[in-house]
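The block underneath contains the structure these notes are about, expressed in structure tokens.
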Amino acid sequence: MTAPAPAPAETPAEAPVPAAAPRRGAGRPPGARAWRTRVSAVLTAATVLAALLVPAVFPLDQQAVDLAAKLRPPSWEHPFGTDELGRDLLLRCVHGLRVSLLVGVVAALVATVVGIAVGGLAGALGGRTDRLVMRVVDVFASVPHLLLGIFVVAMFRPGVWPVIASVGLTHWLSTARIVRAETHSLRSRPYVDAAISGGASRWRVAVRHLLPGVLPQAGLAAVLMVPHAIWHESALSFLGLGIPAHQASLGTMAEAARGSLLAGAWWPALWPGLFIVVPTLAIAGLAGAWRERINPRVRSELTL
Amino acid sequence: MPEPISGPTHEPLPEPIPGPTREPVPGPATGSALEMRGVTAGYDRRAPVLHGASLTVGDGEAVGLLGPSGCGKSTLARVAALLHRPRAGTVRLAGRMAYGFRHRAPRELRTTVGVVFQQPRLAADPRLTLADLIAEPLRATGRRAEAPGRLPALAASVGLGGDLLARRPHEVSDGQLQRACLARALVLRPRLLICDEMTAMLDASTTAALVAAVEEYRREHGTALLAVGHDRVLLERWCDRTVDFGALLPR
Amino acid sequence: MTARLSVQELSVRFPLRGGRTVAAVTGVSFDLDPGECLALVGESGCGKSVLASALLGLLPGNARVGGAALLDGLDLLTAGEKELARRVRGRRIALIPQSPASHLTPVRTVRSQMEETVRELTGAGGPKLRGAAEAAAERAEFPADHLDRYPHQLSGGLAQRAATALALVGEAPLLIADEPTTGLDRDLVDRTADELRRHVDAGRGLLVITHDLAAAERIADRVAVMYAGRIVELTGAASFFGAPGPRHPYARGLLEALPERSFTPIPGMPPELDALPAGCAFAPRCDRATGDCAAVPALAGSRAGAVACHHAYSHAPETADA
């Protein structure tokens, strides 16, 4: 057996290709997708930067109550206006965003880790373990998330961590299902057979050959879960069960704005609403771009 | 399929195959490379693909197993490689009785068999470079240190060299990937090499090159061969003897 | 209905990141007459399948295409997607799939899939639809009493016939079969080849893309050998597989690698299509190579036999110039 063909000395003397015509597949033009990805990336980056930098650059007290200036409409002094206690809404929105992002990201991480562990265990072991674990998942999934979440927060004193636990512990089910299905399909691939035949232990097959194949899907599920978790946190806080009312969170602000709306002030409701919707859409848009990278055949619309 | 292809199953075992005990491997490492007796296996309990098949491959012998697609010859190969648990029958590798399959088979018994599969794309972990792919069994068995010494010569013997070893599966052709899969099957120096339709997807020249590489290796190491396929001309040219799949089954 | 395919100087390039370019197909020209079968053979990765995709307009978006592929005057390379979808695919060119089982929808009977295709392509409806679907099945010798079965209830051979029947519904005069026999056992290869041959004898043109030389021998009238994106030999199947044999050293090596012949591989491996050597791409593996091979040899000869080699084996009197 000789070595492969030697490397080329220079570029081949190829015939020039005349009238080169690009040909495109069907579907949405790639330009539109790139545009969506770019807008999503900019909005996500802006959100994260605002949450990180604004409180550091403007160390103003978002809790500063100024009853003389309550329910002021947007102005130069208060670009977003003030709430019913005269607190600056811009500052409070940014602080609320911090809480919501923290809850969203950490809860999504918790849910993903739990989901990978449970789904991976069921998928890799198969048989009776698999059936048992997945029935438990079905039972959990049959209870509405919010109800389950309320049950979890009710066991603790109000605060950020119970909310994270509540969201994380109710959202791992879909990840577990995805990971389990993916593991199942990977497990019957010949390359797993080849690894077993090559002496690989159960643990090595799971960690070196199955887990890396599952991670992109699980990672995508995690990103898609961040907006979910933000919504969930807002919902809990809106119901008065999540973040304590004095602490700014997008949910508590929306809740407080209900009374103001009746008083004819629209701005205390608008900003928290926008701050919930825009970042979640942006993150979902990024996740959609990621999904198309993993699996280019899926040209799905973004789903929340 | 009610039962997954892989993984442990839980119905009581038929008599000849004892359960997964952790006793030392019985029997001396002598005798035929592969001895299968009365093997019944399949994926559906009611309709086994294999019914009472028996096959012996002598030490250092090359046996070609011929049969049409779907006849069960690949299942037989998987049972022989301890990758599929039969419902009944016995499998001996180098004289040692197999008492477990897949992960339940002791590692030193599993690694006496090297397997090359039909579709290299499916049989290669897409994330590994060809060098890592070939060395993977060494790492899995804690012999990583041997890789630098063994790899270049082994890769060269299957016709791989240069920057090919640093590439990943999607950057090489089917033929090149199959060469790497062959090297992986040989890296632990198995007593028996099983080639399950190794060349079915490949062109004539690559087929001849891979067969030449297998034969070169076998001349040097005395490895036994079970080549499974449907191409009679190829297997008759390649192997010491060929067996028709139907002849393995009881009359 | 007949059609003549004329491919002229077809080239396909894929630009890569980093300025490199994959030269998948370079300067390919051939004609395919009605009632003729041309087999395109070569090692995997030599550009065969890209050529087929180009003819069907199924190349990915980054492909750069040059040359022309005329099907009765219509250039397949410049035709719009709408034109291809509405008037070409299925109607003037039919693709015979590589794995028939995966081309049939598993949850529907063959009849319902056949009727759907008939309705789509011919506009037949109502009571005539049933008859038209049965006639279409009969053309591919798919037994009418198996029409109500699901794909998994069919044998491999019958699944192949069902897929072929679906491909033939539109009465396309030109068939393209991409590796129709890969992974099949010998009996099924022979049967598939004979099925396809019947359609050629019925006046259709057939382009078979395969690495299986035995299948090519069984079915083809002419053989085109492709190496590194170029056709290096284009000749009659009888003289290629029989006496006097191929003239290009690569084609000769490929044939000699068969187990029924000397079973010796061609040394080395084909070059990468993004890093082709200057001059003849086969020269580094060729035992007849000399300094002349630094220039790319042109495909020269007659319709009876053409070869692109400075040192071709000389047995055809009119081009014995090596």
Under a 4.5 Å heavy-atom cut-off, does chain A meet the side chain of B/Arg110, its backbone, both or neither? both

Over all atoms of both residues, closest heavy-atom pair of B/Ala140 and A/Ala200: CB-CA, 3.7 Å

To the nearest 0.5 Å, atom CZ of B/Arg127 lies from atom CG of A/Leu215 at 8.5 Å

Contact between B/Arg104 and A/Arg202 at the side-chain level, heavy atoms closer than 4.5 Å - yes or no? yes

Check whether B/Arg184 gets within reach of chain A through its side chain, its backbone, both or neither, counting any heavy atom under 4.5 Å. side chain

Apply salt bridge (Lys or Arg N to Asp or Glu O under 4.0 Å) to residues A/Arg208 and B/Asp125 and explain how you reach the verdict. CA-CA 10 Å; A/Arg208 298 296 296 269; B/Asp125 190 329; over 6 Å; no

Given a strict heavy-atom distance threshold of 4.5 Å, which part of B/Val115 is in contact with chain A: side chain, backbone, both, or neither? both

Partner residues of B/Trp238 under the ring-ring contact (aromatic ring centres under 6.0 Å, His included) criterion, sequence neighbours left out: none

Heavy-atom closest pair (A/Arg189 atom, B/Leu122 atom, distance to 0.1 Å) is CB-O, 4.4 Å

Residue pair B/Thr141 / A/Gly198: nearest heavy atoms and the distance that separates them: CG2-O, 3.8 Å

Chain B: which of A/Gly213, A/Ser201, A/Pro190 shares the most heavy-atom pairs with it under 4.5 Å? A/Pro190

Show your reasoning for whether side-chain contact (heavy atoms from CB on, under 4.5 Å) applies to A/Asp193 and B/His84. CA-CA 9 Å; A/Asp193 279 357; B/His84 185 81; over 6 Å; no

When you look at A/Val205 and B/Arg102, which way does the side-chain contact (heavy atoms from CB on, under 4.5 Å) test go after all the steps? CA-CA 12 Å; A/Val205 167; B/Arg102 293 185 80 79; over 6 Å; no

Does any heavy atom of chain A fall under 4.5 Å from the side chain of B/Leu188, the backbone, both, or neither of them? side chain

Nearest heavy-atom contact between B/Ala123 and A/Ala194 is O-CB, 4.1 Å

Those residues that, when tested against A/His171, pass ring-ring contact (aromatic ring centres under 6.0 Å, His included) (two or more places apart): A/His145, A/His228, A/His232

Would you compute the distance between atom CG of B/Leu82 and atom OG of A/Ser197 and round it to the nearest 0.5 angstrom? 8.0 Å

Rounded distance [0.5 Å steps], OH in A/Tyr191 versus CG in B/Leu133: 11.5 Å

If you count heavy atoms of other groups shown closer than 6.0 angstrom to CZ of B/Arg144, is the number above 12? no

